Amino acid sequence: MVCRLFVQSLDGEARKWFKSLPNAFIATWEKLKNSFTQKWGEKRNHEYVLIEFNAIRKNPKEDISEFIKRFNK
């Protein structure tokens, strides 16, 4: 049931990807989840993402307009 509901939520390129899979390729939710994540999941290192996230904090001596400019970059 979960697999069918998930597949119905796919659109565009993700839906084309799913329809291109061979028949009976995915028999379990785990197989679908792993295949989808491998194709469409985040490819970046999670530690690097945390470092980037911390870098967008407002610095103590930075005024709000400077922070907004830096944030938007």
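Values below: every heavy atom of this structure, side chains too, minus hydrogens, waters and symmetry copies. This one's a predicted model, so the numbers in the text were calculated from it and none came from an experiment.
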| said: On a heavy-atom basis, which atom in Ser35 and which in Phe25 lie closest, and how many Å separate them? | reply: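 For Ser35 and Phe25, the tightest heavy-atom pair comes out as OG-CE2, 3.8 Å.
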| message | How close do Ile64 and Lys58 get, counting heavy atoms only, and between which atoms? | response |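 For Ile64 versus Lys58, the nearest heavy atoms are N-CE, 4.1 Å.
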Output yes when a side-chain donor or acceptor of [X] lies under 3.5 Å from a complementary backbone atom of [Y], and no otherwise.
| X | Y | result |
| --- | --- | --- |
| Glu66 | Asp63 | yes |
| Thr37 | Asn34 | no |
| Arg15 | Val7 | yes |

| query | For Glu30, which residues count as a side chain to side chain donor-acceptor pair (under 3.5 Å) partner, sequence neighbours excluded? | reply |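 Glu30 satisfies side chain to side chain donor-acceptor pair (under 3.5 Å) with Lys33 once adjacent residues are dropped.
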| said: To the closest 0.5 Å, what do you measure between CD (Gln8) and CZ (Phe18)? | reply: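 Gln8 CD to Phe18 CZ: 9.0 Å, rounded to 0.5 Å.
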| Just how far is it from atom CD of Glu62 to atom CD1 of Ile68, taken to the nearest 0.5 Å? |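 Here the interatomic distance stands at 10.0 Å.
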| request: Report, as yes or no, whether the 6.0 Å neighbourhood of atom CD on Glu52 holds more than 12 heavy atoms from other residues, nucleotides or ligands. | output: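 Result for CD/Glu52: enclosed.
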| query | Taking everything shown except Asn72 itself, do over 12 heavy atoms lie less than 6.0 Å from its CG? | reply |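 Enclosed: over 12 neighbouring heavy atoms sit under 6.0 Å from CG of Asn72.
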| message | Tell me if the aromatic rings of Phe36 and Phe6 count as close, with their centers under 6.0 Å from one another. | response |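 Under 6.0 Å, so yes.
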